[in-house]
S.K.: 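Sharing a structure, written as structure tokens. Questions coming.
For clarity, every value in this text was computed on a predicted model and none was experimentally measured.
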Amino acid sequence: MLSSLPLSSLELLRITHQTHYVYAQPVSQAHHMAMLEPIMDDRQQLLEYAWKVDAPAYPIPDVITPISTLERRARDRFQNIVCWFSLYHLHQNLTVETISKVALAPEAWPAVENTVSCALVAQALRYRASQPWILPQAFVSASDYVPLLPEIKAWAAQSIHAQKPVLAAAIELMERIYADFRYRSLSTSIQTPLSQVFTQREGVCQDFAHILIAAMRAHGLAARYVSGYLLTQPAPGQARLIGADASHAWVQVWCPLLDGGGLWVDLDPTNNLLPSQAHVRLAVGRDFGDVTPIKGVIRGGGNHTVQVAVTVELWHDSLGLE
């Protein structure tokens with residue numbers, strides 16, 4: 001368990017995430033859902049978390065507008081923390097800021113040869129009437145942002161073979177995405193169809209996550225989308241830019257083990273690695289739609305702009321550690 005590990009073996013990170021909306025016209029009512037609180041489990045511990053919603057009342061001459069908000073918090077079906085907040089006063093600006101402090105344990109991923117073959121994993125995940133349902137089966141079918149495309153299935157077939165260990169197949173697909181696809185900022189949006197991303201061979205982290213998920217699911221294997229943060233280091237001699245980091249996305253693949261049990265193994269196709277102590281997980285879902293950091297509906301507002309600033313940094317010094 002994470003709590004039993006010595007503090008010096010943990011990576012301690014502090015994340016500040018600020019989202020700022022500016023509306024062309026006043027908003028009279030708004031209902032938002034946020035998924036910005038990091039996951040807690042035996043690999044990641046949330047030490048501190050604070051969030052603040054700021055929506056100043058729109059000024060009306062000779063009228064005092066009371067600020068009225070309502071907040072609640074719960075878990076979704078995948079055990080992510082979800083916060084809902086509603087605003088019932090006129091406002092033209094909205095800022096949501098979170099500060100998280102997390103401890104990450106060193107990852108000990110299984111050896112590829114200790115994971116079950118692709119054929120046996122797909123067989124275990126196949127639906128059968130009257131058989132017990134297991135959670136990984138929720139991540140085998142198509143979803144809104146991850147259709148099961150024949151061209152991706154054919155592309156993935158080069159790496160997914162019946163007797164190959166499932167983790168070996170997943171790692172090979174991750175390596176092929178990294179080699180064959182080009183990362184280009186702003187080359188896609190969340191509305192860009194996966195088929196277009198696959199054809200143009202370029203995109204951003206959420207696209208590469210969706211490609212890897214689609215490749216695994218097309219062959220009956222379970223893969224899920226992870227939203228979170230990535231600790232990035234500035235170039236030598238350069239100062240860290242506050243707010244210059246960004247949210248990140250990667251994948252977890254379900255890997256049963258030869259000696260029994262199984263686990264979700266993280267793979268980051270954007271960076272071609274198995275995450276260790278630089279990736280902070282916020283939420284998991286079938287695709288981006290399940291884990292959108294902030295979404296909602298508003299009355300009024302017209303056009304709007306949104307700015308997001310994220311800073312991920314080490315905070316060992318604040319605890320007096322080396």
Side-chain angles (χ1 to χ4, degrees), residues 15-24 32-36 93-98 143-147 149 151-152 155 173-215 225-235 238-251 266-273 275 278-296 298 301-313:
I15 306 103
T16 303
H17 186 149
Q18 185 181 87
T19 306
H20 181 63
Y21 295 89
V22 178
Y23 304 102
H32 297 279
M33 183 178 80
M35 303 182 75
L36 295 168
N93 296 269
L94 168 64
T95 301
V96 180
E97 181 176 73
T98 64
S143 55
D144 289 345
Y145 291 98
V146 184
L149 302 174
E151 60 267 36
I152 293 182
W155 175 82
L173 285 169
M174 174 183 72
E175 292 172 343
R176 289 175 60 199
I177 291 171
Y178 185 76
D180 297 348
F181 290 73
R182 182 167 71 107
Y183 182 93
R184 188 161 72 87
S185 181
L186 303 179
S187 59
T188 60
S189 72
I190 192 58
Q191 284 77 37
T192 303
L194 194 62
S195 57
Q196 180 179 328
V197 174
F198 186 75
T199 299
Q200 70 188 25
R201 291 295 201 275
E202 66 178 16
V204 295
C205 59
Q206 66 193 22
D207 300 311
F208 302 155
H210 285 152
I211 291 288
L212 180 52
I213 292 169
Y225 187 99
V226 187
S227 69
Y229 304 112
L230 175 63
L231 173 66
T232 57
Q233 299 291 349
Q238 299 295 313
R240 169 171 289 279
L241 299 178
I242 302 301
D245 297 323
S247 298
H248 192 44
W250 60 98
V251 175
D266 293 63
L267 299 99
D268 181 350
T270 302
N271 295 292
N272 193 32
L273 54 81
H279 290 65
V280 177
R281 286 169 293 121
L282 279 178
V284 298
R286 295 165 303 170
D287 55 35
F288 173 82
D290 284 340
V291 299
T292 307
I294 301 179
K295 60 184 176 182
I298 60 174
N303 294 328
H304 72 274
T305 60
V306 59
Q307 294 180 320
V308 179
V310 176
T311 300
V312 184
E313 56 191 339

S.K.: Could you measure the distance from the CZ atom of F208 to the CG atom of N272? Nearest 0.5 Å is fine.
M.R.: 11.5 Å
S.K.: Check whether any side-chain heavy atom of L230 lies under 4.5 Å from a side-chain heavy atom of V312, and answer yes or no.
M.R.: no
S.K.: What pair of heavy atoms forms the shortest contact from S187 to G203, and how long is it?
M.R.: OG-CA, 3.3 Å
S.K.: Verify the neighbour count for atom CD of E151: are there more than 12 heavy atoms of other residues, nucleotides or ligands below 6.0 Å?
M.R.: yes
S.K.: Nearest 0.5 angstrom please: R201 CZ to I177 CD1, how far?
M.R.: 10.0 Å
S.K.: Do L267 and L173 have side chains that get closer than 4.5 Å, going by heavy atoms?
M.R.: no
S.K.: Taking all non-hydrogen atoms of both residues, which atom of S247 and which atom of C205 are closest, and how far apart?
M.R.: O-SG, 4.4 Å
S.K.: Side-chain contact test, heavy atoms from C-beta onward, threshold under 4.5 Å: evaluate it for I294 versus Y21 and give yes or no.
M.R.: yes
S.K.: With side chain to side chain contact (heavy atoms under 4.5 Å, CB included) as the test, would you mind laying out the steps for L282 and M35 before giving the verdict?
M.R.: CA-CA 7 Å; L282 279 178; M35 303 182 75; over 6 Å; no
S.K.: Under 30°, 30 to 60°, or over 60°: which ring-plane class applies to Y23 and H304, parallel, tilted or perpendicular?
M.R.: tilted
S.K.: About how many Å separate CD1 of I211 and CG of D180, when rounded to the nearest 0.5 Å?
M.R.: 11.0 Å
S.K.: Say you draw a straight line from CZ of F198 to CG of L149; how long is it, rounded to the nearest 0.5 Å?
M.R.: 8.5 Å
S.K.: With sequence neighbours left out, what residues match T305 under side-chain contact (heavy atoms from CB on, under 4.5 Å)?
M.R.: V22
S.K.: Side chains of T188 and E202, heavy atoms from C-beta outward: is any pair under 4.5 Å?
M.R.: no
S.K.: When the ring planes of H17 and Y229 are compared, do they come out parallel, tilted or perpendicular, using 30° and 60° as the limits?
M.R.: perpendicular
S.K.: Working to the nearest 0.5 Å, report the span between CD1 of I152 and CG of L194.
M.R.: 4.0 Å
S.K.: Which atoms form the tightest heavy-atom contact between A214 and P147, and what is the distance?
M.R.: CB-O, 4.0 Å
S.K.: Quick one: is the NZ or CZ of R176 closer than 6.0 Å to the six-membered ring centre of Y178, and within 45° of its axis?
M.R.: no
S.K.: When rounded to the nearest 0.5 angstrom, what distance separates OG1 in T95 from CD in Q18?
M.R.: 5.5 Å
S.K.: With side-chain hydrogen bond (donor to acceptor under 3.5 Å, both in side chains) as the rule and sequence neighbours excluded, what pairs involving residues 280-292 come up?
M.R.: D41-R281, S143-D287, R286-D290
S.K.: With under 30° as parallel and over 60° as perpendicular, where do the rings of H210 and Y145 fit, or are they tilted in between?
M.R.: parallel
S.K.: Does any non-hydrogen side-chain atom of L94 lie less than 4.5 Å from one of H32?
M.R.: yes
S.K.: Looking only at side-chain N and O atoms, does H279 offer a donor or acceptor that is under 3.5 Å from a partner on D268?
M.R.: yes
